[in-house]
Amino acid sequence: MKIKTRITELLGVEYPIVQAPMGWIARSALASAVSNAGGLGIIETSSGDLPAVREEVKKMRQLTDKPFGVNIAQAYVRDADIVSFVVDQGVKFVTTSAGDPNRYCSALKEAGLTVFHVVPSLAAAAKAIEAGVDGLVVEGAEGGGFKNSRDVSSMVLLPLVCSKFDVPIIAAGGMVDGRTMAAAFALGAEGVQMGTRMVSAAESPVHQNWKDAIVAAKETDTVFLNRFGPGPACRALRTEKTSLLEREPGENGVAPEFRNSQALYFGGDMEASIALSGQVAGRIDAVKPVAQIIGEIVAEFDEVMARMADKYARVSG
């Protein structure tokens with residue numbers, strides 16, 4: 001079963017399911033699995049290691065003939081010519097995030113790319129629309145990763161943005177299965193983006209300890225860090241380190257903790273750094289291959305939509 005929305009039409013995919021562009025994680029092994037399963041894999045640039053990113057794009061073309069995209073996380077751009085870098089990769093879709101949508105939108109669109117900007121508020125959405133983006137990724141604060149310190153949940157933010165702007169919208173934050181995808185559609189979205197669910201996937205390159213921690217997590221086992229700065233806020237798994245940082249972030253915020261990120265990401269030391277994660281960790285109970293994850297999401301989405309239509313059609317009739 002294909003799902004047809006403006007998102008699938010723009011991206012050329014079977015299902016409007018997008019993998020979040022997590023730094024160091026959103027590379028060819030994971031992204032190609034998502035694209036091959038009918039969704040859209042995204043390659044990150046937030047690691048700043050553009051030579052490695054270039055090699056990952058080459059690997060993508062060997063691993064899949066399906067569409068995929070690239071993210072530009074503007075706060076972490078180290079190359080002034082990042083637009084040319086992305087254009088040279090031959091991708092047709094890019095998401096921009098962590099910065100002013102005006103910075104790259106015009107140049108990317110002039111090069112023929114479809115551009116979506118990630119927004120955490122209505123004001124940010126309005127600014128992105130004014131900048132000329134093709135669509136939005138509307139990100140609720142229950143999602144993992146770097147966040148707006150004035151957090152708003154998807155249940156509030158998504159219908160608010162959808163009520164104001166008629167552009168294709170991808171919902172992020174709290175998206176984990178077919179039920180949450182159906183809920184996002186009911187609120188006005190036409191696609192979903194998933195991060196934590198994909199971090200825990202079999203093809204994710206992170207250490208098994210991180211995946212096991214996601215599976216073991218309760219719905220209360222994330223912390224919202226660095227609300228008062230300096231630097232961005234973020235949501236992460238609760239560990240001894242992050243529990244301490246929640247109470248005492250330090251005068252430099254939490255940014256210094258990411259210097260040892262690879263010891264956690266790939267070495268498995270869960271106290272070495274910060275394991276960014278969304279609240280949906282409390283709903284993930286197993287590590288599964290990406291194809292199984294997406295297959296189950298689509299099947300459940302179809303079942304929920306049909307059941308709701310049948311149930312409430314009969315009630316209203």
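All residue numbers refer to positions in the sequence shown, counting from 1.
Below 30°, between 30° and 60°, or above 60°: for F258 and F146 the angle between ring planes is between 30° and 60°, a tilted geometry. Between Y265 and W210, the ring planes are tilted. Angles from 30° to 60° get that label.
Taken from CZ in R61 to CD in Q89, the straight-line distance is 7.5 Å, to the nearest 0.5 Å. With rounding to the nearest 0.5 angstrom, the CG atom of L225 is 8.5 Å from the CG atom of L276. For the atom pair Q193 CD and L40 CG, the distance stands at 9.5 Å (nearest 0.5 Å). Atoms CD1 and OG1, from I169 and T5 in turn, are 12.0 Å apart once rounded to the nearest 0.5 Å.
Each of L237, D212, T242 was compared with M270 under the side chain to side chain contact (heavy atoms under 4.5 Å, CB included) criterion, and only L237 meets it. Each of V34, V13, V57 was scored for a side chain to side chain contact (heavy atoms under 4.5 Å, CB included) with F68, with one residue passing: V57.
Other residues, nucleotides and ligands place more than 12 heavy atoms under 6.0 Å from the NZ atom of K109. Residue E130 qualifies as open at atom CD: its count of foreign heavy atoms under 6.0 Å is 12 or below. Atom CD of E240 is surrounded by 12 or fewer heavy atoms from other residues, nucleotides or ligands within 6.0 Å.
Of all heavy-atom pairs between A37 and Y15, the closest is O-CE1, 3.4 Å. A pairwise comparison of heavy atoms in G268 and N209 identifies O-ND2, 2.8 Å as the closest pair. Of all heavy-atom pairs between P168 and F116, the closest is O-CE2, 3.6 Å. Of all non-hydrogen atoms in S243 and R238, the two that sit nearest each other are OG-CG, 3.2 Å. Annotation for P67 and S35: closest pair O-OG, 2.8 Å, computed over non-hydrogen atoms. In this structure, A171 and L158 approach most closely via the heavy-atom pair CB-CD2, 3.7 Å.
Counting only heavy atoms from C-beta outward, the side chains of V119 and V137 never approach each other to under 4.5 Å.
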Candidate pair D166 and R6, rule salt bridge (charged side-chain N to carboxylate O under 4.0 Å, His left out), full reasoning: CA-CA 11 Å; D166 184 22; R6 286 185 291 178; 3.2 Å; yes

S273 and R259: side-chain hydrogen bond (donor to acceptor under 3.5 Å, both in side chains), yes or no, with the steps? CA-CA 8 Å; S273 185; R259 293 171 184 163; over 6 Å; no

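Within the 3.5 Å criterion, the main-chain N or O of G132 finds no donor-acceptor partner in the side chain of H117. Between the side chain of D134 and the main chain of V115, a donor-acceptor pair closer than 3.5 Å is present.
Salt-bridge formation is detected for the pair D151/R227: a Lys NZ or Arg NE/NH1/NH2 atom is positioned less than 4.0 Å from an Asp or Glu carboxylate oxygen. Using a cut-off of 4.0 Å between Lys/Arg side-chain N and Asp/Glu carboxylate O, D100 and R103 are scored as not salt-bridged.
When the salt bridge (charged side-chain N to carboxylate O under 4.0 Å, His left out) test is applied to K66, no partner is found at least two apart in sequence or on another chain.
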